[in-house]
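Below: the structure, in structure tokens.
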Amino acid sequence: MDTPHLLTLIGLSKRDILKLLNRADRFKRERRIHTKLLAGRSLALLFQKVSTRTRVSFDVAIHELGGYSIFLNESDIQLSRGERIEDTAKTLSKYVDFIVARVYSHDQVERLATASDVPVINALSNTHHPCQALSDLQTIREEKGALDSVKIAWIGDSTNVCNELMIGAAKVGADFALASPADFRPPKDILMSALADAEKSGSRLTITTDPLKAVTGADVIATDSFVSMGTEKGRARRLMAFIPRYQVTANLIESGRDAIFMHCLPAKRGEEITDGVLDHPSSRVWQQVENKIHMHKAILLELSKK
Ligand code: CP
Ligand code: NVA
């Protein structure tokens, strides 16, 4: 990787992504073997929003590699009283070896990275969730054996997770079909960047309003919450736009091509999925949860060399 930080997959090459995937696979096979790789290294987990999986898996990942983490809820530090985010980044850089940050607005993580002397990892912003996309690509490759021959269908809201998986798919050569209401499409710059990568890798990017069209021939069917963190004010309008047309049901999953179902979690039964979808035989959500810890180790190790 050329970049010292991981804010989005946009600047990464196919080779960078495959290297991370291979390393994460190795960490999965060798779960408790590499106990000294990051001995004594410290990680600040700076979170403006809540998290279960990303927070715990980064925390345990660095511990299992011999390091340790410090959790910083934004409300507990001076940032919440108006300290500039650049001053926070410079301060943390004097103490810790990595900053993992979950922020409302993507420019906050960019500002952190610009001012930081240590690697900054985006643990979710309003527009990007690179760590999730990487571990999801790991899950897809485990299940389907390859990435450049699969079709991923995304149904529902074009969330941070959707944007990033689309970017990643376009880089590794997977086809990506998004079915969403026209008002809920990815930002133009993200779409343009994915289209440019898709052209290079030979993958096909389809945008439609029709979920059935998207899942035709799909190997993977994925969705995410209809009300992401930070969009709660628009909840009623969102649910009206998405339900029932964009809900993932058992029937929709079975319309794919022996498709697996994926969801980054947390999930809302009765909103983006119907009851029973997480427990459907094709669901791989718990494998996705597990792979986050292996991928986070791979990311930390990669950036520790910068
Ligand atoms: N998938 C994911 O990022 O979950 P958390 O919000 O629980 O971290
Ligand atoms: N799109 C969701 C992902 C949660 C992991 C959100 O931003 O709330």
Side-chain angles (χ1 to χ4, degrees), residues 6-9 24 43-62 69 71-74 99-109 121-140 152 154-168 178 180-181 184-187 190 220 222-235 237-239 241-242 246-248 261-269 271-273 277-278 283-300:
L6 178 63
L7 306 187
T8 157
L9 300 188
L43 163 72
L45 287 157
L46 170 52
F47 278 48
Q48 294 181 340
K49 303 181 194 176
V50 297
S51 165
T52 301
R53 283 146 285 268
T54 310
R55 171 183 173 174
V56 176
S57 54
F58 262 114
D59 190 351
V60 177
I62 191 145
S69 73
F71 184 72
L72 302 170
N73 192 328
E74 190 194 38
I99 301 171
V100 171
R102 174 167 283 200
V103 299
Y104 277 101
S105 168
H106 190 71
D107 73 289
Q108 299 262 300
V109 83
I121 299 166
N122 178 7
L124 180 148
S125 65
N126 57 331
T127 45
H128 297 279
H129 198 356
C131 303
Q132 184 72 43
L134 286 167
S135 57
D136 288 349
L137 289 174
Q138 184 189 2
T139 304
I140 295 169
I152 303 167
W154 184 279
I155 312 299
D157 193 14
S158 310
T159 63
N160 35 22
V161 177
C162 168
N163 293 341
E164 211 67 14
L165 192 59
M166 177 176 69
I167 295 163
L178 163 68
S180 71
F184 293 89
R185 295 211 166 131
I190 292 179
V220 177
T223 190
D224 186 5
S225 171
F226 289 157
V227 188
S228 283
M229 292 179 277
T231 70
E232 291 82 359
K233 269 196 197 139
R235 181 178 169 80
R237 182 179 79 94
R238 293 178 149 270
L239 296 186
F242 292 117
Y246 296 94
Q247 261 183 338
V248 176
F261 170 71
M262 297 179 71
H263 190 312
C264 62
L265 305 183
K268 276 270 174 71
R269 292 162 177 85
E271 293 187 10
E272 73 274 12
I273 52 165
V277 158
L278 290 192
S283 166
R284 296 293 179 273
V285 297
W286 305 115
Q287 193 171 329
Q288 288 179 265
V289 167
E290 181 188 338
N291 284 341
K292 285 173 74 76
I293 188 167
H294 309 306
M295 181 51 73
H296 294 171
K297 285 181 182 173
I299 294 166
L300 289 170

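Here the structure is a predicted model, which means the values were calculated and not measured. Atoms within a ligand are numbered from 1 in the order they appear, just like the ligands themselves.
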task: Return yes or no for this condition: an N or O of Val50 is under 3.5 Å from an N or O of ligand 1.
output: no

field: Close-contact set for ligand 1 against Lys292 heavy atoms, below 4.0 Å
entry: 1 (N), 2 (C), 3 (O)

- prompt: Which of the atoms of ligand 1 are close to Arg102, meaning less than 4.0 Å from one of its heavy atoms?
  reply: 3 (O), 5 (P), 6 (O), 8 (O)

- prompt: Out of Val161, Thr54, Thr52, whose heavy atom is nearest to atom 7 (O) of ligand 1?
  reply: Thr52

field: Test log, rule salt bridge (Lys or Arg N to Asp or Glu O under 4.0 Å), inputs Glu271 and Arg235
entry: CA-CA 11 Å; Glu271 293 187 10; Arg235 181 178 169 80; 2.5 Å; yes

task: Starting at CG of Asp59, measure out to NE2 of His296 and round the result to the nearest 0.5 Å.
output: 12.0 Å

message: Just to be sure I'm reading this right: ignoring hydrogens, which of Cys162, Ser228, Ser225, Pro266 gets closest to atom 2 (C) of ligand 2? Compare them by their nearest heavy atoms.
response: Ser228

message: Check the orientation of Phe184 and Phe242. Use parallel for under 30°, tilted for 30 to 60°, and perpendicular for over 60°.
response: tilted

message: Side chains of Glu164 and His128: any donor to acceptor distance under 3.5 Å?
response: yes

- request: Give a yes/no on ligand 1: does His129 have at least one heavy atom closer than 4.0 angstrom to it?
  value: yes

- request: List every atom of ligand 2 that sits less than 4.0 Å from any heavy atom of Thr159, numbering the atoms from 1 in the order shown and giving each element.
  value: 1 (N)

query: Near Gln132, which atoms of ligand 1 are under 4.0 Å from a heavy atom of that residue?
result: 1 (N), 2 (C), 3 (O)

- line: Heavy-atom closest pair (Arg53 atom, Ser57 atom, distance to 0.1 Å) is O-OG, 2.6 Å

field: Geometric cation-pi criterion Arg55 and Phe71, 6.0 Å radius, 45° cone
entry: yes

statement: Counting from 1 in the order shown, the ligand 1 atoms closer than 4.0 Å to a non-hydrogen atom of Leu265 are 1 (N), 2 (C), 4 (O)

message: Counting non-hydrogen protein atoms only, what is the nearest one to atom 8 (O) of ligand 2? Give residue, atom name and distance.
response: Met229 N, 2.8 Å

message: Given 3.5 Å as the limit, does a donor-acceptor pair link the side chain of Glu272 with the main chain of Lys268, or not?
response: yes

message: Could you tell me, atom by atom, which parts of ligand 2 come under 4.0 Å of a heavy atom of Leu265?
response: 5 (C)

field: Sub-4.5 Å side-chain heavy-atom contact between Leu278 and Phe261
entry: yes

- request: Answer yes or no: does an N/O atom from Asn160 fall short of 3.5 Å to an N/O atom of ligand 2?
  value: yes

- prompt: So, Ser105 versus Asp107: side-chain donor-acceptor pair below 3.5 Å or not?
  reply: yes

message: Given Pro186, which partner from the list Asn160, Asn163, Thr127, Ile167 fulfils the side-chain contact (heavy atoms from CB on, under 4.5 Å) test?
response: Asn163

message: So, regarding Cys264 and ligand 1 (criterion: nitrogen or oxygen to nitrogen or oxygen, under 3.5 Å), is there a contact or not?
response: yes

- prompt: Just distances here: any N/O of Arg53 and N/O of ligand 1 closer than 3.5 Å?
  reply: yes

field: Heavy-atom nearest neighbour in the protein, as seen from atom 4 (C) of ligand 2, with distance rounded to 0.1 Å
entry: Leu124 CD1, 3.8 Å

